[in-house]
Amino acid sequence: MTNELVPELHDIGKLIDKKELSKEIPAFRAASHWFKDIDLGSENMPHPETLTWLGVIGHHSLKYLHSPPKTLQKYSFDSITLLARLQIADHFASSTSRVLEEQIEEEKGIQISGWNAFDTDTVQTIWNTSMIKLSGLPINNRKEVYQLLKYLQTDPDYVDLITKSKYGNFLTEIPEEKGFPRNVTSLKTHLELTGKVYRILEQSIGINPSAKSITYRGDEKKSAKEAENKWAFRLARCTVTFPQHPSRAHDLGIFLRLSQLMEEMEKDDHVLMHTLDRLWLFLPVEEGTPLDTVLKPLLDDGFIIEADVAEKELKGLDPGIFDKPGKEFKQYVLYPELPDKIKPPICELCQMRPGSMQVEKGGVYEQLCPVCAGFRSFSEEQHRFNRLGGEWEKSGIPVAWVKISLDYAVLPDILRGLFEKYIREKDKTIPGEEIDSLVRELRYTALMADFTRDYQTLLSSFYRTICKNWQVEDIGGDHPELLIIPVKEKGQAFLIADAFVEVFHQIFPECESASPVSISISISNAKYPFFEHWRNMEEPVNAINIQVLNRAKIQLSIPGYIELRNLKLEKSFRSSSKLHHAIAIKERTGSELLQKIDFLEDLHSIPELLKSHIEKGYSIDTILGYQKIADIGGQS
Amino acid sequence: MSLLEYEISADILLIGERIKKGTFRPVLPEIAGNGYRPLPYSTATGALREYLSLRFDAPVHAAGYLTGGQVETLVISPRDNVTGVSKLPITIQYLTGVKGKLFILINEHTVKLETEFDMVMGGMRYKGMGLCRLKRIPAPPVNKKEGILLTRIPVEALTYFGIELSTDKYTDYNRGYLFKPTSETGGVYVKSLFEGSEVEGPGFLLGGEKCV
């Protein structure tokens, strides 16, 4: 029993199939998911007497804002504070910016004639519209409702709901809102975001009991709507970087530690979503919660954080704010504590702290700071990267550094496009202005959190595929974003990319032409300094980026890559000479025109080159890069 | 602020970061957005003091940036001076076909600089690297603007260039350390502002807006 309001349970009523249930209990036909106008007593139903139940029935109603039910008077609490926080959190975590008061009074949205036909009980994943989902809501008869209410009487918490109850599995399948076109985010993501935001508001929003108002930074408001319109909070989009130049295999302990820290920070309610090196924070203003306090675990370990911080009233605070023309946010770079002077030696890896520790390996002495030495020890203790620094280095076989990334900067724009496409495909007659209005209403936090979850599924699936086929070193965790794979056969780089494309197609098929997810594969011998690879992997140019350092490179969209693969140019031996000649012409003359003229001469005699360059439009550099990469693998 | 502006050119130049793992010395990184590389205050002032035969602590203030140059790699195997035995091979990155700009504040020492001269700068001079040709061009206007710093300057030297640091708790400065000699043979590392920092300062050291 929690004896608290558990915000993640506020929408539990959405598991009810009203249409089916109303066949047994007619009162549910017109009921809302907050049990409006349902007399549980007259239906011989259990009546939960918990603060969580107050959240269920009160989060869309003004009725209980100042007068909680008599059954809850045994608790000492202020109804307005709990419900106002919940209402604000609920709205922030929803996929639509419909005004709060509409939501409070009744469940209505933009109703356009004929659209109820597109309402669904299952979430419509706009980046994977063909995904098969569970059918039917779990609570569709009297007995199930009874069991639900009995369950709620036990005053469970969210962990219990997810791990022990029979309801947890449905939450990713059910939409936050059934009504088209808002049925695009999962109830689970909405509940979890609501929970996080609620707990942040719990620390920030107080009460003035005599005035029956809620307070924030000395300001008072009478309702959630007023608070939303006036009170400023912050949304921060952060990138974690590091000053180190990893030289030895065990210096990659920095990624092990970063992965570990990010998993720990996930539990912090300020963290809305994250990848290996990106995170989103929700915070009160600086005086309420300093930004560097939330980021302290990362700063204490020597990481540097680039933060874009938007401060705005809650109503307008959404990830889309970072896209808008006219910068509505500030950019900061947060560093750990830095001394004004450092007496030599300075740490050779990070060059930010005294190199107070002398470390010897293989006759080479290095001066490291405790932080960098710590990353190395961490990796050694975990027995990670031993093959990279051992047998792979000795064997002379090239290694592929594989990084998968999610670009949050472009994600809102891509989601916007997918949302529009979703609407148009369902209703081709809808006027453009109405679509624009719906798109303007769209809020991105929940959608992006859903996308991040599917991204993590992609990482796990890709990792399993790689492990089945090849040896791999990774940075740990359930969904590692950085892998190292020895390239033991020619063309293996393309097999790795093919595996990525296959998994991508299963999870994000609608994103193939414009993908916020990319793979970077960078190949060299094992000794080559990692940070040369990292410089390229940090900023991927396209969805598929494959390079052999200092020798060849291709950067293509997913459709472009698939088409290039289908041309099977690795089998075309005659083309190699012609391609090399054309490249040499350009290097000698600096003229693309002369290169083109040389290349086009007798091109018809090599049909595969003619097709790839003229018909498909691949550049000479890309075609030659493809052939060179296809030749890499195994002993050189 | 009175200053001299020079165009720099060099066939081979090694201005790199400190050696890693005892076996790799990378060249200074490109600045995002324009492909330039910083020519740090410490490198520039050290070279100028040497050229002018000045003490380690003689007041010289200079910084700049490289606008062009190709990165090449070389593996060398230094020998122990006593035994003649090869030590571990070192891979170094250097630049060829270098072009850049150097800005030197005028004082009693630097006023003597010729309109054209050759000066050695950077590392591996014994291998023939580092000979730079400096050619004076008309000095730029000293107008203050907001922009991206294109070089590296110690915090304590920023005021010489008319750059003031914000006292806000959070800034978007890129920070690091540069070497400052404190004797003929030694020195300390001092906190410095690195390229990419958004500052208000003289336009000649700044680039356009930071990419969002």
Side-chain angles (χ1 to χ4, degrees), chain A residues 237 241 243-249 251 286 290-292 304-309 322-323 327 329-336 338-355 359-367 409 527-532 535 538-539 549-550, chain B residues 16-27 29-30 32-33 70-73 75 80 85-93 148 152 154-156 166 168-183 185-194 196-198 209-212:
Chain A
R237 176 176 72 177
T241 66
Q244 282 82 357
H245 285 84
S247 303
R248 297 189 181 278
D251 290 336
E286 178 70 10
L291 180 63
D292 57 354
I304 298 167
I305 298 138
E306 297 167 3
D308 298 334
V309 184
F322 294 104
D323 274 346
K327 221 159 103 173
F329 58 93
K330 295 201 172 140
Q331 291 181 287
Y332 304 123
V333 183
L334 280 78
Y335 283 82
L338 296 177
D340 288 334
K341 288 186 170 66
I342 297 175
K343 278 190 191 163
I346 197 167
C347 177
E348 288 182 36
L349 279 183
C350 69
Q351 296 169 40
M352 299 288 268
R353 285 172 286 270
V359 176
E360 182 271 337
K361 185 155 183 163
V364 176
Y365 289 86
E366 295 166 272
Q367 298 291 150
K527 278 189 192 173
Y528 202 92
F530 164 75
F531 53 86
E532 290 295 303
R535 269 187 211 169
E538 263 186 309
E539 303 287 339
L549 271 186
N550 303 321
Chain B
E17 301 191 328
R18 279 170 281 277
I19 200 161
K20 320 291 173 193
K21 192 184 170 185
T23 57
F24 187 80
R25 187 174 180 187
V27 75
E30 281 184 348
Q70 192 70 19
V71 178
E72 308 284 351
T73 304
V75 181
D80 185 276
V85 173
S86 283
K87 299 179 187 174
L88 277 176
I90 301 173
T91 303
I92 59 163
Q93 287 184 331
I148 306 302
R152 297 179 179 184
V155 168
E156 61 190 38
S166 164
D168 289 348
K169 183 180 179 186
Y170 304 124
T171 60
D172 63 351
Y173 300 147
N174 289 335
R175 298 184 185 270
Y177 288 86
L178 291 176
F179 188 73
K180 173 186 171 181
T182 53
S183 71
T185 53
V188 293
Y189 293 95
V190 293
K191 199 152 68 169
S192 304
L193 209 60
F194 273 28
S197 301
E198 201 163 331
E209 271 195 40
K210 196 178 249 188
C211 298
V212 172

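In the text below, chain A, chain B and the rest are named by the order of the sequence lines, each starting its count at 1.
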### Task
Give a yes or no on this: more than 12 heavy atoms of other residues, nucleotides or ligands lie within 6.0 Å of atom CD of B:Glu156.
yes

### Query
Taking every heavy-atom pair that is under 4.5 Å apart, which of A:Ile304, A:Val309, A:Asp340 has the most such pairs with chain B?
A:Asp340

### Task
Under the salt bridge (charged side-chain N to carboxylate O under 4.0 Å, His left out) rule, collect the residues that match up with B:Glu30, sequence neighbours excluded.
B:Arg37

### Message
Heavy-atom cut-off 4.5 Å, strictly under: side chain, backbone, both or neither for A:Asp292 against chain B?
### Response
both

### Contact origin within A:Pro243 toward chain B - heavy atom pairs under 4.5 Å
neither

### Message
Please rank B:Thr182, B:Val188, B:Thr171, B:Val190 by heavy-atom pairs under 4.5 Å with chain A and give me the top one.
### Response
B:Thr171

### Message
Check for me whether the distance between the ring centres of A:Tyr332 and B:Tyr170 falls short of 6.0 Å.
### Response
yes

### Gap separating the OH atom of A:Tyr528 from the CG atom of A:Asn550, nearest 0.5 angstrom
4.5 Å

### Message
Using a 4.5 angstrom heavy-atom cutoff, name the option from A:Met352, A:Lys330, A:Glu306 with the most pairs to chain B.
### Response
A:Met352

### Backbone of A:Cys350 reached by a side-chain donor or acceptor of A:Gln244 within 3.5 Å
no

### Query
Can you say whether A:Pro354 sits under 4.5 Å from chain B via the side chain, the backbone, both, or neither, judging by heavy atoms?
neither

### Query
Mind checking what makes ring-ring contact (aromatic ring centres under 6.0 Å, His included) contact with A:Tyr335, not counting sequence neighbours?
none

### Query
Is it the backbone or the side chain of B:Lys169 that comes under 4.5 Å from a heavy atom of chain A, or both, or neither?
side chain

